[in-house]
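Read the structure below first, then the notes.
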Amino acid sequence: MAFTAMHPTLGRVDATLPDLGCGSSWLAVHRVRPRVALRCPECGHGVHAKVSARKLRYFAHDPGRPTDCVWLNESLEHHLLKLELATAIRAADWHAELEVRAPDGTWRADVLASSHDGAQRVVWEAQLSPITDEGIQERTERYWAEGIGVCWVSPGGKAPWIGTVPSIRVQEPRDGRPWTVVDGPAAFHFEHGTWIAVDDLELTAFISWVLHEQTIVHRVRSRYRRIWYPTSESYRRRNLIWTTSRHVDTETRHDAMRQRQEERKRQREEQERRAEQQRKAEAEARRIEEERQREVQRQEQERQRKIREAEQAVRWEEQQRQRQEQARAAEEKRLRQEQREHQVAVQWWAELSLTQVQELRDAVAEPLWKNQATRAEFDTQGTSADNAYGIAIYVRRRLHGVLRPSPASLHRLPPVVPVYVRNTREAHELINTGNIEPARVVHFDLPDHEQMSLI
Ligand SMILES: [Zn+2]
């Protein structure tokens, strides 16, 4: 079935218009005798005017029709939608032509809407059959290339191309409501930052807004392509929507805000990143500085330790030197002392003649022999430093006393044993040194200065 046919004299006739679009009337083609030789504008086969049970005027192919005519296979539903589109276009005070072919045959439109001056054209395609994305895209671009707007209209739920080209989905009248647009238009909600589908719009109003450019095709900015559908409470992806310039502005404004926010966030993150970098750098610098200070401290401690060691070594050497010096001095002193004592002892003994020495020995020995019958034995080595330059006296192999020790060497005397001297003068000479207990000194009464007296 089709709404248009080619009349042999009137040209193209349109069953949806009272005057068939050419100043004639339906009665001039419907059930007239003789038959008017109407032809299908698509395939050229003969057609005849018909009225459906629902009072719908159309043209039907004559018997023997070709099977490949596009109009032939179109459903009633398709035709009703085309009729509705044409009616709405005419209600908006635009021309509507159905089933229009391009002069060069490059396109064939279901309904072509034209402004009165013919400057503006919008094709409305009732697309019921499946069509590939490439196919619908290509046909859309073909219209655009000729400066013709287009809106694809789907009356069914399954139209995957909705939102990929300028398009709407419509719902046929039900529950007393007229044809309604349920998918395609959207309004931008600034607070929610999203497009919200307008899914309850009368088709006639929508078409009027599109034709008068109050509603325009808009390519949604990529960040807003998930569109909220309140009725189904779900999101759907849409690249192209119908909306008003006010909502496009709102989207632009929101996008600018988002960009500012993102820029601020980026700057904030950049600042945080820099701050973090700086913190890390400072921590690293601190760590290196601490390490350096520890190393400096360690080196300083090492230096101090070496200094201390060197000082100790110097001190030790000095002490060693002093000790050696002291030892040497002590040795010298001791030697001088010994020399001195030796000289004194030599003089001390030089005072006596050998006879006097014997006299003294006898003075010691005789009483022992008389009283105790013991022999006193005098050290055969004579005087010795160990006995303070006196002569050791032994009785029964034990030290009995010391004979006439030198007054300068009394500190060398063995302890306890008595010492024997010639007379009180010698006793006093020893005692006067203060280096011997007077009780230890035993004296006889032998004469002094024999040699001098001899002289
Ligand atoms: Zn045909």
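Only heavy atoms go into these numbers, but all of them, side chains included; no hydrogens, no water, no symmetry mates. Counting starts at 1 for both ligands and their atoms, following the listed order.
For the pair Thr194/Ile227, no side-chain contact is recorded, criterion being any heavy-atom separation below 4.5 Å from C-beta on.
A side-chain hydrogen bond (donor to acceptor under 3.5 Å, both in side chains) with Arg108 holds for exactly one of Glu99, Glu42, Glu125; it is Glu42. Evaluated for a side-chain contact (heavy atoms from CB on, under 4.5 Å) with Arg336, the options Glu338, Glu332, Arg334, Arg340 yield exactly one hit, Glu332.
Each protein N, O or S atom less than 2.8 Å from the Zn ion (ligand 1) was counted, giving 4.
Ion pairing between Glu325 and Arg328 holds under the 4.0 Å rule for side-chain N and carboxylate O. Ionic pairing of Arg292 and Glu289 is present here: one or more N-O contacts between side-chain nitrogen and carboxylate oxygen are shorter than 4.0 angstrom.
Relative orientation of the His45 and His61 rings is parallel, given thresholds of 30° and 60° on the angle between their planes.
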